[in-house]
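Written below as structure tokens is the structure these notes are about.
Predicted model only: the values in this text are computed from it and were never measured. Quick note on labels: first sequence line is chain A, next is B, and so on, each numbered from 1.
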Protein chains: 4
Amino acid sequence: MRPASLRPALLPQRERGRARVASLMAAAAALFVEKGYDATTMTEIASRAGAAIGSLYLFFPVKQTLAQAIMADLASRLSARLEALQDRVRARHAAEIADALFDELAQFLAENPVYAVLLDLPGDEDWRSAIRLQRRGQIAQLFNQASPALAPAQAERLALIVPQLMRTAMVVSGQSPALREGLFDELRSMLRHHLAWQHRDPLSSAAADPTSSA
Amino acid sequence: MRPASLRPALLPQRERGRARVASLMAAAAALFVEKGYDATTMTEIASRAGAAIGSLYLFFPVKQTLAQAIMADLASRLSARLEALQDRVRARHAAEIADALFDELAQFLAENPVYAVLLDLPGDEDWRSAIRLQRRGQIAQLFNQASPALAPAQAERLALIVPQLMRTAMVVSGQSPALREGLFDELRSMLRHHLAWQHRDPLSSAAADPTSSA
Amino acid sequence: MRPASLRPALLPQRERGRARVASLMAAAAALFVEKGYDATTMTEIASRAGAAIGSLYLFFPVKQTLAQAIMADLASRLSARLEALQDRVRARHAAEIADALFDELAQFLAENPVYAVLLDLPGDEDWRSAIRLQRRGQIAQLFNQASPALAPAQAERLALIVPQLMRTAMVVSGQSPALREGLFDELRSMLRHHLAWQHRDPLSSAAADPTSSA
Amino acid sequence: MRPASLRPALLPQRERGRARVASLMAAAAALFVEKGYDATTMTEIASRAGAAIGSLYLFFPVKQTLAQAIMADLASRLSARLEALQDRVRARHAAEIADALFDELAQFLAENPVYAVLLDLPGDEDWRSAIRLQRRGQIAQLFNQASPALAPAQAERLALIVPQLMRTAMVVSGQSPALREGLFDELRSMLRHHLAWQHRDPLSSAAADPTSSA
DNA sequence: CATGAATGAGTTTTCATTCAT
DNA sequence: GATGAATGAAAACTCATTCAT
């Protein structure tokens, strides 16, 4: 493996180029999901996209740039969705926000399984942390607008938790449909109750918690 | 090169061999956690264990067998722990069981981070599914003994969910200690409340759920 | 390492590639003859052909495929020759056919010693049997067209015998030239007389065989 | 691969040692026939013989010494048989000698297929040539005692040819029994006629050869 | 003598990346 | 831009041989 070239990824100028880049990214995404990032070879990607290996390198001079490009695209799509969501749930109860967020993420991950694959790669490159950070920020924002208001620290924690809960749901996508369905509801309700509990009438708190370990 | 699986994994018969196998597995586990499975080379493993590459292949004729051996070991340790746990929580409330299970898994994963790394590898070999299946079965058992009783289907779901919640907790282990601490408690309490809620006095059920989306 | 046969043998599409493939096969053939199949390394082949090891694997992803490619080529050449021969000897006496076949094979093996080397490798892969079978069929055909006609079963036997006689002749190619010369003639005449004898005037048969062991 | 040790093969002193050596040689011979010399590993040989790899090296410090030991044994057995044969066929007709020799070799090779395998290895070590030379000499002797006498040069040639004819018969040992049987007879009669022809009444020679290419 | 672990040079094979056309 | 051949460092894996007990 020679040192990665410094040449930046060529930006496709014409329509034809943009289509080609899209098909290369699609092929790569599909393969990353099927076999994992490491096990997928550049040659395989090119060939699945019906392109020559040279063409692939024209646009993505280093394998990682493919991952980055795919993730940049998905991150911005997700970001847009979350932004739209933000408008819809402003000033709702945290439980409702969680519910909506849950659905949004579920749909997104179902449509773009490669997102999880690439975000969970070992190693911690900067661009990956950056994407995670941005997502966390956006989700925290979402919860910060809840009414009644959440403690900012909890919003932070939820921003970490919710996406992971989603991954749980995804992991079992290979399971029987019935199980998956139930699982989904269970997770969603768990989250909802959690938030409901924390923001119920504080007076009844201590007495009502049958699980308090104290 | 003839097919890789013809050469059987030698099982060490003398003390010296057993020690070497242990040190090789330890070196491999450490490296898998540090750099990921794919990025770790056999040469590196051998060298970290202070062994010759040939010695490594003597016991683990294919890289995958290392992963399998490590996982087989960890799976049986975890299984033993869960069995012990089962005796301690028999006939407790589901919420309590969840709490105890949560702690048990947390400790196990903290001590054996390689467990998560190897179980989450891309691809779906049989031995990996088998390990997952066994774990699910054991955890479901745990919940099936709860009192008041859970629906068996829910026990199944929880057996899927709890380990994932744990992973969530682990994933963020790179975060600031303060955040991690809070996160941990948040997850645990989420689970506890969820179970508490579902199995509280049934009479007050419908009226008391402030989050019902209906 | 994933199973070796997933990476398909690239077939060269440009002139440059075809030339390289030819030179790789030539280098391999030469080395197989010089040192035997097993003792020849892929590295050595590439280097003798003036190519990088990666280029060799580009076209021959497994060592065996080199042997196969070489044999496929030679087998088709030999087949063509035998077909041509068939036209020349149609309806001749079996002894004459044998003689001509003998010469044809002798020349072929002298020009392509690797043919014998690769056909005689230990193990019995399918492609090797297939080549042998085809050759047998073609030679049997040759003898089936003899006049007077041979019993089909004998044609079959000859198809097995003649190539081996040739090998005999080749094996001793390391001997002194004088001996080799005589040997060659001896083998050829043995075959000729054998066939002549069996198909002479049947009336004198029994009485004339001075060697009958009866 | 380190340089071959200079330590000579240990000669087994006690009965137990001799038995072990025999079983090691038997295991090696069997494997050499099954998979070829190169493809057979020392470890495999030891394990098939139920011995430790260390024990194998105790008696055969280099892989080649195994081949040599096996061949030395077989060569002397064959030599003894040929010597016995010599007494039985003294002063017989060359055709009869050939016939008897044919049978003798056939039986020997059927019983000891490893003989052919090891004698035909690529490369030309001295010990191998020596064995071939000795065999040739002995067979030439056989024919030199024929009556009427053969030209010494022809005896030499036959000494080269007959063993090869035998190999022909062996090569097809995988064929259907019927074919094999017929093949055997065909080869034997070919040889018999060849010798009969050459030593018939010289007066009728020219006229009687229907295949003379002149 | 026996044994089984250990060794490491040598082989095959892979694949990200570059180059010539 | 496009293509397909070329590259070679690095990885996986082998196995004859040696060594410690």
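Using the Watson-Crick or G-U wobble rule with both distances under 3.5 Å, F:dA2 pairs with E:dT21. Across the strands present, E:dT7 finds its partner in F:dA16; the criterion is a Watson-Crick or G-U wobble pair with both atom distances under 3.5 angstrom.
One can place CG of D:Leu66 at 15 Å from C1' of F:dC15, the figure rounded to the nearest angstrom. Rounded to an integer number of Å, the gap from CD of B:Gln13 to C1' of E:dA6 is 15 Å. Taking atom CG on B:Asp38 and atom P on E:dC15, their separation rounds to 10 Å, with Å as the unit. Here the C1' atom of nucleotide E:dT17 and the CZ atom of A:Phe59 are 17 Å apart, to the nearest Å. The nearest whole Å value for the distance from the CG atom in B:Leu10 to the C1' atom in F:dC13 is 16 Å. With rounding to whole Å, C:Leu58 atom CG is found 17 Å from E:dT12 atom P. If you take CG of B:Leu56 and P of F:dC13, they are 10 Å apart, rounded to a whole angstrom. Per the geometry, CG belonging to B:Leu31 stands 15 Å off C1' belonging to F:dA11, to the nearest Å.
Separation of atoms CG (D:Leu118) and CD (D:Gln64) is listed at 10.5 Å; rounding is to 0.5 Å. Between the CE atom of D:Met42 and the CD1 atom of D:Ile53 there is a distance of 5.5 Å, given to the nearest 0.5 Å.
C:Arg14 contributes no side-chain N or O that forms a donor-acceptor pair with the base of E:dT21 under 3.5 Å.
D:Ser55 comes within contact range of at least one nucleobase, with a heavy-atom separation under 4.0 Å. Across all strands shown, A:Arg20 has heavy atoms under 4.0 Å from sugar-phosphate atoms exclusively, and none from any base. Using a 4.0 Å heavy-atom criterion, one finds that C:Thr40 contacts the sugar-phosphate atoms exclusively. B:Phe60 comes within 4.0 angstrom of no nucleic acid atom, judged by non-hydrogen atoms across all strands. Within the 4.0 angstrom heavy-atom criterion, only backbone atoms of the sugar-phosphate kind lie near C:Arg16; the bases stay farther away.
The two residues B:Asn112 and B:Leu74 come nearest to each other via the heavy atoms ND2-CD2, 3.5 Å. Scanning both residues, D:Leu31 and D:Thr40, for their nearest heavy atoms gives O-OG1, 3.3 Å.
Where B:Met42 and C:Leu11 each meet DNA chain F at their nearest nucleotide, the meeting point lying more 5' is that of C:Leu11. Heavy-atom nearest nucleotides on DNA chain F were determined for A:Ala51 and for B:Thr43, and the one closer to the 5' end corresponds to A:Ala51. The nearest heavy atom of DNA chain E to C:Lys63 and to A:Tyr37 marks one nucleotide each, and the one closer to the 5' end goes with C:Lys63. Of the two residues near DNA chain E, A:Ile53 and C:Gln64, the one whose nearest nucleotide lies more 5' is C:Gln64.
Distance alone, capped at 3.5 Å, is enough to place a donor-acceptor pair between the C:Arg128 side chain and the C:Leu121 backbone.
At the phosphate of F:dT14, neither OP1 nor OP2 sits under 4.0 Å from any side-chain N or O atom of B:Tyr57.
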- Task: Check the pair D:Phe32 / D:Ile45 against side-chain contact (heavy atoms from CB on, under 4.5 Å), numbers first and verdict last.
- Result: CA-CA 9 Å; D:Phe32 290 160; D:Ile45 294 170; 4.1 Å; yes
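Counting only heavy atoms from C-beta on, B:Ala52 has its side chain closest to E:dG8 among E:dT17, E:dG8, F:dT17.
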